There are 2 protein chains.
Amino acid sequence: MNQVEVFKALGNKNRLQILTWLKDPEQHFIDYTPACKDVDVGVCVGHIHKKSGLTQSTISEYLAVLHRVGLVSATRIGQWTYYKRNEETISALGNLIDTI
Amino acid sequence: MNQVEVFKALGNKNRLQILTWLKDPEQHFIDYTPACKDVDVGVCVGHIHKKSGLTQSTISEYLAVLHRVGLVSATRIGQWTYYKRNEETISALGNLIDTI
DNA sequence: AATATATATCGATAATTCCCGATATACCTA
DNA sequence: TAGGTATATCGGGAATTATCGATATATATT
């Protein structure tokens, strides 16, 4: 994990917001339904986009940033890409704070 | 604590480095001696400046950033300003990660 | 193959950050 | 008060980031 890059990724109100939305998709995304029965793959770009008020390209870019630093996972299913919090990385970050 | 601002402050290699140096002044600063017998006030700007390889103004600015977001305390004694890690804020940040 | 939809990427501009040198301010000592 | 040292602030150029609209790519449907 690249500490500096992770902190940069978190140093943006909108990206931080997305991460918290992803904590509880049912609560934050009106028309959310899980894409898979058995595996939780998260929320598709379009839902996040609609909720955000930002453009589609910006949201796509932000999700790519969060993915690049490992804060979310990405799963392509058909024409949708679903993003989901990577809790391992997030809690690892919590521990890492102690080593700073 | 302003989350976004704290993450921005940490999203810089040099500021992160300074924070880790301040963890153990004896180890990282050759000619370090505590400024006070009874209270630990940390390390003065000049020492950090010399070790960093960056200019005095940049270091002063970086320390101001870290101070503004609460990651370090600042103590002026005579003509020196001493900066010290604010462990409370840092561990609070660790907890805050869980709420992200 | 043609079209429609979802997402990703490209190119651009404005805003912000990085980092500098120069200068100002604060404090100390003589 | 004058001069010296430590730190802070100012002004600026280069680099990066934020965010957009336009376009490309991938997938699905007919």
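Letters go in sequence order (proteins before strands), and every chain restarts at 1. These numbers come from a predicted model, not from an experiment.
Contact check for A:Val43 versus A:His28: no side-chain heavy atoms found under the 4.5 Å cut-off. When side chains are defined from C-beta on, A:Ile77 counts as touching A:Cys36, because their heavy atoms get closer than 4.5 Å.
Checked by atom type, the side-chain pair B:Ser60/B:Ser57 shows no donor-acceptor distance below 3.5 Å.
The two residues B:Tyr82 and B:Cys44 come nearest to each other via the heavy atoms CD2-N, 3.5 Å. For B:Ile48 against B:Phe29, the heavy-atom pair with the smallest separation is CA-CE2, 3.8 Å.
Every residue two or more places apart in sequence or in another chain that forms a side-chain contact (heavy atoms from CB on, under 4.5 Å) with B:Asp31 is listed here: B:His47, B:Lys50. Here B:Lys8 pairs with B:Glu5 under the salt bridge (Lys or Arg N to Asp or Glu O under 4.0 Å) rule; sequence neighbours left out. A:Ser91 pairs by the side-chain contact (heavy atoms from CB on, under 4.5 Å) definition with nothing, not counting sequence neighbours. The side chain to side chain donor-acceptor pair (under 3.5 Å) search around A:Asn12 returns none, not counting sequence neighbours.
One distance of note links CG of A:Asn14 with OG1 of A:Thr58; it measures 9.0 Å at 0.5 Å rounding. Between the CG atom of A:Leu96 and the CD1 atom of B:Ile97 there is a distance of 9.0 Å, given to the nearest 0.5 Å.
Residues of residues 17-28 of chain B that place a heavy atom closer than 4.0 Å to DNA chain D do not occur. Using a 4.0 Å cut-off on heavy atoms, the residues of residues 78-85 of chain A that approach DNA chain D are A:Gly78, A:Gln79, listed by number. Annotation: proximity of residues 55-65 of chain B to DNA chain C (heavy atom, distance under 4.0 Å) is found for B:Thr55, B:Ser57, B:Thr58, B:Tyr62, numbered in ascending order. Applying a 4.0 Å cut-off to non-hydrogen atoms, the residues of residues 32-52 of chain A that approach DNA chain C are A:Cys44, A:Val45, A:Gly46, listed by residue number.
When the nearest nucleotides of DNA chain D are assigned to A:Asn14 and A:Ile77 by heavy-atom distance, the more 5′-ward of the two goes with A:Asn14.
Sorted by first and then second residue, the pairs that involve residues 76-92 of chain B and meet salt bridge (charged side-chain N to carboxylate O under 4.0 Å, His left out), not counting sequence neighbours, are B:Arg85-B:Glu87.
Note: the hydrophobic cluster containing B:Leu16 also contains A:Met1 (ILVMFWY, side chain heavy atoms under 4.5 Å, direct or indirect links).
On the nucleic acid side, DNA chain C contacts chain A at distances under 4.0 Å to non-hydrogen atoms, with the end points of that region at C:dT5 to C:dT9.
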Side-chain donor-acceptor pairs under 3.5 Å in residues 17-25 of chain A, sequence neighbours left out?
from: A:Gln17; atom 1: NE2; to: A:Thr20; atom 2: OG1; distance (Å): 3.4
from: A:Thr20; atom 1: OG1; to: A:Gln17; atom 2: O; distance (Å): 2.7
from: A:Lys23; atom 1: NZ; to: B:Asp98; atom 2: O; distance (Å): 3.2
from: A:Asp24; atom 1: OD1; to: A:Gln27; atom 2: N; distance (Å): 3.3

Please list, one pair per line, the donor and acceptor atoms closer than 3.5 Å that link side chains of residues 61-75 of chain B to other protein atoms, with sequence neighbours excluded.
none

